[in-house]
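Nothing fancy with the numbering, it's 1 onward along the sequence.
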Amino acid sequence: MKAKIKATWNITWLVLLIVILFSYAMFQGGFVSWFLFYSFLPIFLYQLLLSIYPFKKWEISREIPRSVVQAGDEIYVTIHMKRNSSFPLFYCSIREQIPDSLMVRDVKKEKYRSFSNPNQFKGNRTLNRMVFPLFRKRISFTYSIQQVPRGEHELRAVTLRTGDIFGLIKKQVTIPVENKLVVFPYIHDLKIKDRITSYDQGAVASAVVNQSNTNIATGVREYAPGDRVSWIDWKQTARRQDVMTKEFEQEKSTEILVILDSCNSTRLNQLAYEASIEITSSLLMEFQKKDHQANFLSIGQESHFFPSKYGKSNHSPVNRYFIHAQPSGTQPFSIRLREELKRNRKSESIFIIVTHVDDFLMQIMLEGKVGRKYLAVIFIQAGSLITEEEHRIIQQMRLANIHVQMITDQHLLESPIEVNVR
């Protein structure tokens, strides 16, 4: 409303000024008075036309070559502006409407150097660009959004401003232009030292160093395209005068369940939670590469379960979940975990990823260990923020033969991060 009143006042002032100059020229006469009138007349006409110029009819489009990226990446955005007329404009200011979800910067691993101050990476992102259209009908420019955070971000509108060189006429319009940026969690390079497998013979859990699914040779067969050179049985090849390869017993992976603590609490550190999202996503990706049947369960206000056949594409349900995952709920994670472990009795190996531990969680671990081959806790927290009480609980769980791996800020800065699976 104020902008309309100001614009009306500016036009009224221009009309009043031209009337004064015309009256002065009529009554005064002479070269000087008429020279002033005719000199100001083109400026007056331009400002009058600018005041009624249809700024809203500009066609604005936004081009994002890479709209699906990983947290911490840089995104390039190109703004295209098109207008129908060549009406001269001295300048045009473009302001991108940056959403609140992009007001956090993700610097990948480097953010874990400031674990104790997660608010350090919050701030304002602004984009203001000045162009000089003059008589051009098409204008394009490119800008970048650096260090994008995890999530789905919507760019909704672009604000345009222009005016005359004297600042008497100013116009502003906001044109809706919708685009989405999809940012997946940062994927860490993990080195899984051991893994748990079981075989058809005996079906007993076994700690095996990472290798291919070809462990126990049961016979030989003729070479087939795609077989590895290391599989060739040279003795049988020499004896039969034909290339023979070893035939292996089919290994079957133990069904794995990865559980993520997504419960909200007063002690929750946002960077620790972000690290738990990244480690969980990276761990599931490693299990997929090794063809393990790894189910995923996130426990928050609601439980989200994703079976092992969730797919490897970015559009899979579990990957879509990691985009939007945030801590929620008021119930403690330990209580919710006990309920979920009672429902899920099939999983023989369970990995529980948490950002804090307490005595009740240890009790749930002892209960959940009964009848299962493997139970492990991955505890993610800054080394300086781990309390003496948590150190005591971790030591007690280890004495109770519950595998606990601590991933601190120092570990998160390493590449690769070693994950011990006994």
Side-chain angles (χ1 to χ4, degrees), residues 64 66-77 95-129 142-156 179-190 260-283 285 298 300 314 319-329 353-356 378-387 406-417:
I64 307 176
R66 292 176 61 227
S67 58
V68 179
V69 295
Q70 200 177 99
D73 287 350
E74 183 177 10
I75 294 176
Y76 290 93
V77 182
R95 181 165 63 90
E96 183 75 89
Q97 301 286 345
I98 304 294
D100 293 338
S101 59
L102 279 174
M103 295 304 173
V104 177
R105 298 180 184 273
D106 191 312
V107 292
K108 298 186 178 181
K109 287 177 175 287
E110 292 301 312
K111 62 178 175 284
Y112 299 118
R113 296 187 186 276
S114 305
F115 224 123
S116 58
N117 185 20
N119 294 325
Q120 177 181 341
F121 300 101
K122 293 183 179 179
N124 291 326
R125 290 183 192 259
T126 57
L127 173 73
N128 289 287
R129 183 65 62 89
T142 301
Y143 70 92
S144 65
I145 304 176
Q146 299 177 344
Q147 301 167 349
V148 291
R150 176 181 62 89
E152 190 173 62
H153 315 289
E154 295 186 3
L155 300 174
R156 297 180 177 273
N179 291 85
K180 285 186 179 181
L181 303 176
V182 178
V183 184
F184 290 94
Y186 175 73
I187 300 300
H188 292 264
D189 183 15
L190 299 185
L260 173 65
D261 176 8
S262 285
C263 292
N264 204 355
S265 69
T266 55
R267 294 183 55 197
L268 181 67
N269 183 299
Q270 189 60 38
L271 270 182
Y273 179 75
E274 198 65 30
S276 70
I277 289 287
E278 295 175 357
I279 294 297
T280 304
S281 179
S282 303
L283 187 62
M285 190 170 293
S298 176
N314 288 336
N319 287 333
R320 298 292 301 180
Y321 171 78
F322 283 130
I323 296 172
H324 306 281
Q326 292 295 335
S328 61
I353 301 175
V354 297
T355 58
H356 63 274
I378 299 177
F379 176 50
I380 302 174
Q381 189 56 269
S384 60
L385 299 180
I386 301 176
T387 63
M406 297 170 59
I407 298 181
T408 65
D409 44 350
Q410 296 300 318
H411 295 106
L412 291 167
L413 292 170
E414 296 175 356
S415 184
I417 300 172

key: Over 12 non-hydrogen atoms of neighbours within 6.0 angstrom of OH in Tyr76   = no
inquiry  = Are the side chains of Glu96 and Tyr143 in contact, using a 4.5 Å heavy-atom criterion?
reply    = yes
ask   = Would you find a donor on one side and an acceptor on the other, under 3.5 Å apart, between the side chain of Arg150 and the backbone of Ala325?
value = yes
query = If you round to the nearest 0.5 Å, how far is CD1 of Ile145 from CG of Leu155?
reply = 5.5 Å
query = Is a side-chain donor or acceptor of Arg125 paired with a backbone partner of Ile98 at a separation under 3.5 angstrom?
reply = no
task = Return yes if some donor-acceptor pair links the side-chain N/O of Arg105 with the main-chain N/O of Lys111 below 3.5 Å, else return no.
result = no
request  = Taking the side chain as every heavy atom from C-beta outward, state whether Asp409 and Leu271 have any atom pair closer than 4.5 Å.
outcome  = no
task = Give the minimum heavy-atom separation between Pro149 and Ala71, together with the two atoms involved.
result = C-CB, 4.5 Å
ask   = Out of curiosity, Thr355 OG1 to Ile380 CD1, how far, rounded to the nearest 0.5 Å?
value = 8.0 Å
request  = Compare every heavy atom of Pro327 with every heavy atom of Gln270, then report the nearest pair and how far apart it is.
outcome  = OE1-CG, 4.4 Å
Heavy-atom side-chain contact between Asp261 and His356 under 4.5 Å = yes
ask   = Heavy-atom count around Lys180 NZ within 6.0 Å, excluding the residue itself: above 12?
value = no
pair Asn179-Ser67: side-chain heavy atoms closer than 4.5 Å = no
ask   = Tell me, do Ser114 and Phe121 make a side-chain contact under 4.5 Å, heavy atoms counted?
value = yes
ask   = Between Thr280 (side chain) and Ser276 (backbone), is there a donor-acceptor pair under 3.5 Å?
value = yes
Can you give each donor-acceptor pair under 3.5 Å made by side-chain atoms of residues 182-189, sequence neighbours left out, with the distance rounded to 0.1 Å?
unit_1: His188; atom_1: ND1; unit_2: Lys109; atom_2: NZ; d: 3.3
unit_1: His188; atom_1: NE2; unit_2: Glu278; atom_2: OE1; d: 2.7

ask   = Heavy-atom distance under 4.5 Å between the side chains of Glu74 and Ser144, does that happen here?
value = yes
key: Asp73 side-chain N/O to Gln70 backbone N/O, donor-acceptor pair under 3.5 Å   = yes
ask   = How far does OG1 of Thr142 sit from CD1 of Ile64, to the nearest 0.5 angstrom?
value = 11.5 Å
Check: Gln381 main-chain N/O paired with Asn269 side-chain donor or acceptor under 3.5 Å = no
ask   = Given Leu127 and Val77, is the side-chain contact (heavy atoms from CB on, under 4.5 Å) satisfied, shown in steps?
value = CA-CA 11 Å; Leu127 173 73; Val77 182; over 6 Å; no
message = So, taking the atom named CD1 in Ile279 and the one named NE2 in His411, what distance separates them when rounded to the nearest 0.5 Å?
response = 11.0 Å
message = I want to check something: taking the side chain as every heavy atom from C-beta on, are Ile277 and Phe322 in contact at a cut-off of under 4.5 Å?
response = yes
ask   = With a cut-off of 6.0 Å (strictly less than), are more than 12 heavy atoms of other residues, nucleotides or ligands near CG of Asn119?
value = yes
query = How many angstroms lie between atom CD of Glu274 and atom CG of Asp106, to the nearest 0.5 angstrom?
reply = 6.5 Å
message = Let me confirm one number: the CZ-CD1 distance from Phe379 to Ile353, rounded to the nearest 0.5 Å.
response = 13.0 Å
ask   = Are side-chain heavy atoms of Leu412 and Ile407 found at a separation under 4.5 Å?
value = yes
ask   = Which atom pair, heavy atoms only, marks the closest approach of Gln410 to Glu414?
value = O-CG, 3.4 Å
